[in-house]
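Worksheet: the structure to be examined is printed underneath.
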2 protein chains.
Amino acid sequence: MIDLRRLRAFVAVAEERHVTRAAERLGMQQPPLTRLLRGLEEELGVPLLRRLPRGVQPTEAGQVLLEEARAVLARAAELQEAVRRVARGETGRLAVGFTPSAALHPFVPAVLRAFREEAPGLRVELDEAGTTELADALQHGRLDAAFVRSPVGSVPGLLVEPVLDEPMVAALPDGHRLATAGEGTSALPLAALAAEAFILYRRPSGPGLYDAILAACRAAGFSPRVAQEAPRLPASLSLVAAGLGVSVVPASMRRLAVAGVAYRDLTDCPGLSAPLHLALRQAGLTAAVARFRSAVRRGAAGRSG
Amino acid sequence: MIDLRRLRAFVAVAEERHVTRAAERLGMQQPPLTRLLRGLEEELGVPLLRRLPRGVQPTEAGQVLLEEARAVLARAAELQEAVRRVARGETGRLAVGFTPSAALHPFVPAVLRAFREEAPGLRVELDEAGTTELADALQHGRLDAAFVRSPVGSVPGLLVEPVLDEPMVAALPDGHRLATAGEGTSALPLAALAAEAFILYRRPSGPGLYDAILAACRAAGFSPRVAQEAPRLPASLSLVAAGLGVSVVPASMRRLAVAGVAYRDLTDCPGLSAPLHLALRQAGLTAAVARFRSAVRRGAAGRSG
DNA sequence: GCTAATCCATACCCTAAGAGTATCAAAGTC
DNA sequence: GACTTTGATACTCTTAGGGTATGGATTAGC
């Protein structure tokens with residue numbers, strides 16, 4: 001089969017029209033070059049060079065080979081560069097997923113925007129899905145990184161590292177007695193919600209926060225009465241606004257400014273917080289993924305520090 | 001530098017996602033294939049395959065390499081075919097030249113048309129020039145074949161072979177006494193033109209016919225009075241039509257049907273004929289040129305036989 | 001939970017392609 | 001006609017690449 005070394009040799013000779021000079025240019029001696037040329041001619045079964053008294057001249061087939069060989073060599077060089085660029089994470093694809101609640105944290109869009117600017121050659125693809133789907137997609141390589149709320153436990157091969165941690169706040173209907181209580185805007189003990197109807201977001205799409213809230217309530221001495229389960233976090237806020245009950249949501253939800261919802265800081269609920277995690281595949285860390293991770297870390301440090 | 005064998009090996013492995021099966025497909029054993037892969041990874045400095053418990057999987061860089069390598073390999077295969085096609089004369093360029101007088105012979109356009117149909121992949125380029133320019137162009141490879149009238153003597157490295165031979169005829173102004181003489185349309189002895197003013201075509205653009213006519217006249221016992229030299233053969237016919245004199249032209253010129261010119265066969269002029277030759281480069285006969293030569297021979301045989 | 005099977009990696013040997021040195025042969029130049 | 005130039009040839013040697021044997025890790029099956 002065709003060998004690139006021979007093509008390189010031929011191109012040099014055809015360009016120099018001189019075997020000895022071409023050998024010099026190729027950093028080799030003339031005899032092996034002559035043999036390389038003969039090998040190429042034998043392989044193709046075609047005379048490629050006309051031997052003149054003074055140098056050589058490509059035949060017509062040689063002319064065609066010269067052009068074709070240049071193209072192949074250029075493509076091969078490009079190949080090398082393309083692979084290296086991908087390896088350096090300058091180019092390629094990076095698929096990032098996030099849960100709906102993670103998407104609502106302003107940090108996520110901010111860090112994605114910053115990373116796009118930092119690595120313009122990378123095609124960043126986004127996907128929103130539930131935590132379990134994200135974990136599955138990560139495992140199977142459909143995703144390279146994912147923002148999740150809870151530490152995705154017990155999924156082998158995944159690396160989950162904390163990014164940010166934010167307190168949870170109570171989301172109350174506007175005009176609710178606890179929203180306008182005499183304490184003003186100071187913190188509300190979690191136990192104050194013991195009698196309220198709770199609106200929580202469905203379990204399968206995000207096991208972490210649901211469990212964390214229930215656990216915190218139990219630790220505060222009550223078991224919350226779950227009046228309604230919303231499919232996703234933003235939907236639960238709408239239900240709160242409709243007066244169907246109260247909810248406990250990450251503090252960053254305040255920025256959503258849902259009409260009809262009042263927020264109050266919570267206190268007396270140790271361990272109740274809404275963490276933001278970055279999940280990665282443990283094996284085969286791509287350079288692009290590594291760059292993304294470092295961008296996330298930098299972003300988190302700049303935010304909390 | 002990149003080696004196509006390695007690329008072929010990698011493509012097979014990436015496609016099979018299985019080193020052992022790929023080795024089988026490549027007709028080799030598994031260990032050397034593994035080494036080939038490692039060599040490629042070392043050369044690029046990039047991990048290309050993720051080793052799974054069950055087979056392998058290309059990394060992102062490997063995916064890119066797979067696509068690029070396929071492209072390079074396809075191009076390389078194409079190269080091989082392109083060169084072979086040129087060598088077989090199915091493809092490529094064929095530059096054919098002819099003198100103005102040769103161009104007027106109907107055989108030349110006929111054989112060119114036939115050859116174009118016979119070898120549609122060949123780009124046939126035509127060029128009209130004087131005999132000496134044609135010979136020079138042939139020598140320097142700008143032309144591959146040329147139709148000339150006279151055997152281009154003394155040009156080293158050229159091969160000139162006769163194609164056709166046709167008689168010369170007298171070209172007379174309409175109404176000239178010899179054109180309408182009592183002998184009707186029978187042949188006219190060359191000597192009958194002894195007293196006429198001759199219009200001949202300039203020497204440098206085509207030495208052959210000029211000399212042949214002068215020699216024939218001398219053999220017929222007179223030295224022609226050259227009244228005018230036309231730059232090219234067709235121009236001389238215009239001068240004849242204008243009544244400035246008579247001329248002697250190849251019989252095929254009759255088909256030109258220049259208004260005001262009457263033709264008469266010539267007799268008593270042994271050796272006076274207008275040969276048509278094909279001139280070729282002696283060395284490095286391309287397949288395309290060989291095919292053209294054989295087409296010309298076939299055409300000539302079909303015409304005269 | 002142990003054995004068997006699968007599959008890639010490693011170790012070692014061997015062949016053969018390719019690079020180097022020395023030299024020849026042919027053609028042009030002074 | 002001697003010299004120079006330039007590609008071809010002969011021979012040796014290094015090394016990349018292929019083959020065989022085998023190891024090690026993981027999964028599947030009883």
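Throughout, protein chains are lettered first and strands after them, A, B, ... in sequence-line order, and every chain is numbered starting at 1.
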Between [N] ([atom2]) and [X] ([atom1]): distance, integer Å:
X: A/Leu7; N: C/dG18; atom1: CG; atom2: P; result: 12 Å
X: A/Gln29; N: C/dA22; atom1: CD; atom2: P; result: 10 Å
X: A/Leu37; N: D/dT6; atom1: CG; atom2: C1'; result: 14 Å
X: A/Leu33; N: C/dT21; atom1: CG; atom2: P; result: 15 Å
X: A/Gln57; N: D/dG7; atom1: CD; atom2: P; result: 13 Å
X: B/Glu24; N: C/dC7; atom1: CD; atom2: C1'; result: 13 Å
X: A/His18; N: C/dA27; atom1: NE2; atom2: C1'; result: 13 Å
X: A/Glu43; N: C/dG18; atom1: CD; atom2: P; result: 9 Å

Any side-chain N or O of [X] less than 4.0 Å from the OP1 or OP2 oxygen of [N]?
X: A/Arg38; N: D/dT9; result: yes
X: A/Arg54; N: C/dA26; result: no
X: B/Arg5; N: D/dG18; result: yes
X: A/Arg21; N: D/dT6; result: no

Q. Heavy-atom count around B/Gln30 CD within 6.0 Å, excluding the residue itself: above 12?
A.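 Correct, the count exceeds 12.
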**Q.** Earlier contact from the 5' end, DNA chain D, for B/Gln30 and A/Arg51
**A.**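 The residue mapped nearer the 5' terminus is A/Arg51.
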Q.
Strictly distance-based, threshold 3.5 Å: is any side-chain N or O of B/Asp144 a donor or acceptor partner for the main-chain N or O of B/Ala95?
A.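 It does hold such a pair.
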Q: Using atom types as modelled and distance alone, determine if a side-chain donor or acceptor of A/Arg293 lies under 3.5 Å from a backbone N or O of A/Ala288.
A: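 No.
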Quick check for you: among [options], whose closest atom lies nearest to any side-chain atom of [X]?
X: A/Thr20; options: D/dT20, C/dC7, D/dG7; result: D/dG7
X: A/Leu36; options: C/dG18, D/dG18, D/dT6; result: C/dG18
X: A/Pro31; options: D/dA8, C/dA19, C/dC8; result: D/dA8
X: A/Thr34; options: D/dG19, D/dG7, C/dC7; result: D/dG7

Q. Rounded to the nearest 0.5 Å, what separation is found between the CD atom of A/Glu16 and the CZ atom of A/Arg25?
A.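 If we round to the nearest 0.5 Å, A/Glu16:CD and A/Arg25:CZ are 5.0 Å apart.
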Q. Would you call B/Arg298 and B/Glu118 a salt bridge, taking side-chain N to carboxylate O under 4.0 Å as the test?
A.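 A salt bridge links B/Arg298 with B/Glu118.
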Q) Has the side chain of A/Arg35 got a donor or acceptor atom sitting under 3.5 Å from an opposite partner on the base of C/dA19? A)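 Between C/dA19 and A/Arg35, which were checked side chain against base, a qualifying N/O pair under 3.5 Å is present.
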Q: Mind checking B/Gly39 for me? I need base, sugar-phosphate or nothing, with any heavy atom below 4.0 Å counting as a touch.
A: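 B/Gly39: no heavy atom of the nucleic acid under 4.0 Å.
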